[in-house]
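First comes the structure, then the notes that go with it.
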Amino acid sequence: MSTVQQPGGVRGAVYDRGYRPYDGPRGGRRAATFGLYKATLRRALGIRRPWQQKVAPFVLLAVVTVPAMVDVGIGYVTRDRTQDRFSIITYRGYVGVSSALLLFVALIAPDIICPDRRQRVLSLMFARPLTGTDYVLAKFGAMVTILFSFSFLPQVVLFVGQTLVADGALDYVRDNADVVWKVPAAIVIMAVYYSVVGLAFSAITSRRIVAGATIIGFFLVTSVVSLIVVGDNVDGVTQSSAATLLNLYALPLQLRDLVFLGHIDPASTLHGVANGGAYAVLVYLAVVATGATVLIGRYRWAER
Amino acid sequence: MPTPIPLLRLSGVTKKYGSTTALDGLTVEVPQGRVGVVGANGAGKTTLFRLLLGLARPTSGSIEVCGIDVAADPIEVRSRLGYMPEHDCLPLDQSASDVVSTFAELSGLPARVARQRASDILDLVGLDEARFRPVGTFSTGMRQRAKLAQALVSGPDLVLLDEPTAGLDPLGREEMLDLVARLGTFGISVLMSTHLLDDVQRVCDQVLMIDGGHLIVAGPTESLLERTGVLTVDVGDGRDRLVAALQQRGLTATAIDDTVEVAISDEGQIDVVRDTVAELTLPLYRLSSRLTSLDEVFLRQAVHT
């Protein structure tokens, strides 16, 4: 250190900081996993990245919030005309809008997984106190957090808005108290499902565009196959068929109905199939387990 | 006085990939300091690094890094290491500052400390002005510095540098070697893998030579640089006169470039050379025993094994 006498008697100091060893607190695997979780969230949301990377997530958030804002707006405009009041969306139906997030999954899941492999960043990550399972948990946690937030925030807007424009706020809250647990439960089911599938496909390839196309293609093909196998309605009557479960895109919606209705929706082609709800849960668990196995298997080489 | 913990302790380490033996029965103890791991391409250097990081298990044998058994606690080992791979490995669309601070967090440092240290380390490696630029816009030399920064940011006890001068121009290579040489003064041990023996000779005080998965020689760099029995004499323009005079006295002398090389078999012949220079009244700019280079040591040992 050298000191400098300045006019007026003020003394300044010039430090050559050089290299300073670090002897402060140092977290282990948990801290490393949380660090990767935060870095993944930032990447997915475009934080600390060029503005172009911020467009997709926040435009999508705005789009999925529009129905809630319109519904609240209708409630406000018709607040003095109870007989004219109508709603364009229900809480249960709004959870279904989350399936629109599939496009977001196809965009974000490859973006948070593929570059690590393509740019060979994994070798640096696993030179840290981080295992393959920790890596998967951090990526999965970040993906679920984003999907949950993007699905839940519009529901909060809807609930708070409707409460404010209702004739009796307390009555509205009391009448809709069940959505306080049903909405988050159903959204968690969907977020976990889409996250696992999206990340599993992204882990297989190092090319983002291939991963994104595979994710969309997978859900598209299974839904088309299901439609073909189930067939058209006969005389306007919906035919029950267990083949509905082949539609892996709509599968989480069956579980959503189990949460909201306690049974399969009568309008669904799964309705009428014996133990259809149980089968839906089993297929859901099988898909999630398969996705998790693929994910962990891809990073097992870093496991000790 | 307690015995200092060795940097590495390898006991009978063998690593096989199917029928291919990458490392074969390595047994060596290496003290703290700057250590060069030397070997041709495919010698087993990268495999050794993977074993030290706990990313691969030895087929047989045991490894201790800084006194910690890698098999028993690879996470603890990794928390004390920094690693700079040979290949490109940085996210290209993020700034150097973000990359380095993120890797500091991944090493378990608190977020605020990570950002501060990232700033300090980028300053140290000479990237202070470029810290907010995306890594994708960096030159090869700048990327190597950024890779070194991420290896140092967590304050490791040991850094593993895999071919740190690969792909650098002469100036960039000099700067990188200066940085590596400075690490010793920071109290950081270095394990530097390279096939450029000049790099090792310049910055490392210990050498491990590997060839075909076998350890062929290990020890202090100085002790490997043997005296060759050749005396190098620089007398300026009088070298031809000196060669003739020495040959008259029965010595084997040859003018090579600007110097004279004299084969000597005993210390007394050094006095003969000195006296001959004096008799010819030639200016004596240099009189030294030529040391063998690490290249010669490596080639000789590789042939013997």
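All chains are named by letter (A, B, ...) in the order of the sequence lines, taking the proteins before the strands, and each is independently numbered beginning at 1. Here the structure is a predicted model, which means the values were calculated and not measured.
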Counting only heavy atoms not in A:L285, do more than 12 sit closer than 6.0 Å to its CG atom? yes

- Query: Is A:Y193 atom OH crowded by more than 12 heavy atoms from other residues, nucleotides or ligands, each under 6.0 Å away?
  - Reply: yes

Greatest number of non-hydrogen atom pairs under 4.5 angstrom with chain B, of A:P21, A:G28, A:A138, A:A127, falls to A:A127

Nearest heavy-atom contact between A:Y22 and B:L109 is CE2-CG, 3.7 Å

Here the pair of heavy atoms bringing A:R128 nearest to B:L106 is CG-O, 3.3 Å

Residues of residues 173-181 of chain B with a heavy atom under 4.5 Å from any heavy atom of chain A, in residue-number order, are none

Within residues 126-135 of chain B, contacts to chain A at heavy-atom distances under 4.5 Å involve none

(request) Taking B:R117 for its side chain and A:R20 for its backbone only, find out whether a donor-acceptor pair lies under 3.5 Å. (result) yes

### Query
Are any side-chain N or O atoms of A:R26 and backbone N or O atoms of B:R80, one a donor and one an acceptor, separated by less than 3.5 Å?
no

Largest heavy-atom contact set with chain A, pairs under 4.5 Å, which of [options]:
options                       : value
B:V113, B:T102, B:L124        : B:L124
B:I121, B:L92, B:L160         : B:L92
B:G155, B:P156, B:S107, B:S79 : B:S107

Using heavy-atom distances under 4.5 Å, tell me whether [X] contacts chain A through its side chain, its backbone, both, or neither.
X      : answer
B:E76  : neither
B:L90  : both
B:S154 : both
B:I188 : side chain

Output for pair (B:D120 CG, A:Y19 OH), nearest 0.5 Å, gives 10.5 Å

dist A:R29:CZ -> B:R78:CZ (nearest 0.5 Å) comes out at 9.5 Å

- Does a side-chain heavy-atom distance below 4.5 Å link B:F103 with A:M125? yes

Expected contact set for residues 105-124 of chain A against chain B at heavy-atom separation under 4.5 Å reads A:Q119, A:R120, A:V121, A:S123, A:L124

For residues 35-54 of chain A against chain B, heavy atoms under 4.5 Å, the residues are A:G35, A:L36, A:K38, A:A39, A:R42, A:R43, A:R48, A:R49

